[in-house]
Amino acid sequence: MKKIALFASGNGSNFQAIVDEIEKGALAAVIAVLVTDKPHCFAVERARKHNIPVFSFVPKNYPSKDEYEREIAFYLIEKNVSLIVLAGYMRLVGEVLLTAFPNRIINIHPTLLPAFPGKNGIKQAFDYGVKIFGVTVHYVDAGVDTGKIIAQESFKPEENETLQEIEEKIHAIEYQLYVKVIREHFVSLC
Ligand code: GRF
């Protein structure tokens with residue numbers, strides 16, 4: 001069974017969506033670990049509820065990104081993890097992890113990249129007045145949301161839809177698109 005590591009820093013609703021699919025038997029994978037830089041985030045609570053191991057670290061306790069990424073890489077390799085799935089992980093991935101897992105790190109972003117990368121993408125797009133919203137799943141490289149695109153899904157909002165309504169639609173798309181990409185692109189690889 002394919003072993004996945006989820007990386008999250010916050011709420012973890014995408015993490016939850018993936019856990020739910022696995023528990024339903026709809027995704028042939030195992031979440032070997034939740035990796036987080038925020039030991040008290042809600043994603044950690046979710047992981048504990050499902051008995052998923054948590055690897056948490058506090059970046060400022062390490063001399064450099066290389067140092068904490070080396071520890072993470074060592075742990076993931078030992079656990080036989082073959083895919084890293086970022087889901088609201090609020091840090092740039094560095095050379096150590098990119099080299100240890102080439103083409104095996106993916107991310108989800110709540111806009112149609114390359115538009116509106118970085119933080120608060122949905123609000124940026126809403127304030128800009130875009131007529132089409134969407135979600136992107138992409139490979140991770142050293143940049144901010146710049147890696148090669150794997151899949152996108154878009155929709156046109158209804159007239160006068162609020163930011164909150166649009167956010168809800170985007171998150172609903174995220175949950176099914178991420179699982180679909182993992183299933184179609186990665187679960188058959190070993
Ligand atoms: C999602 O909107 C995702 O696209 C972005 O961060 C958010 C994480 O939400 N990268 P959650 O923690 O999965 O609820």
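Note: hydrogens, waters and symmetry copies are ignored here, and every other heavy atom, side chains too, is used. Counting starts at 1 for both ligands and their atoms, in listed order.
Under 4.0 Å from any atom of ligand 1, one finds heavy atoms of residues N11, G12, S13, N14, G88, I108, H109, P110, H171, E174.
Not counting sequence neighbours, the partners of D127 by the side chain to side chain donor-acceptor pair (under 3.5 Å) test are K123.
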Intermediate values then yes/no, side chain to side chain donor-acceptor pair (under 3.5 Å), H50 and Q16: CA-CA 10 Å; H50 293 269; Q16 186 71 56; 3.2 Å; yes
Could you give me the CA-CA distance, side-chain angles and deciding distance for H109 and T111, then say whether side chain to side chain donor-acceptor pair (under 3.5 Å) is met? CA-CA 6 Å; H109 186 74; T111 70; 3.2 Å; yes
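With respect to the salt-bridge test (charged N to carboxylate O, under 4.0 angstrom), the residues E95 and K65 do not qualify. The residues R70 and E67 are annotated as salt-bridged, a charged nitrogen and a carboxylate oxygen being separated by less than 4.0 angstrom.
Side-chain contact check for E21 and Y175: no donor-acceptor pair (N or O, by modelled atom type) lies under 3.5 Å.
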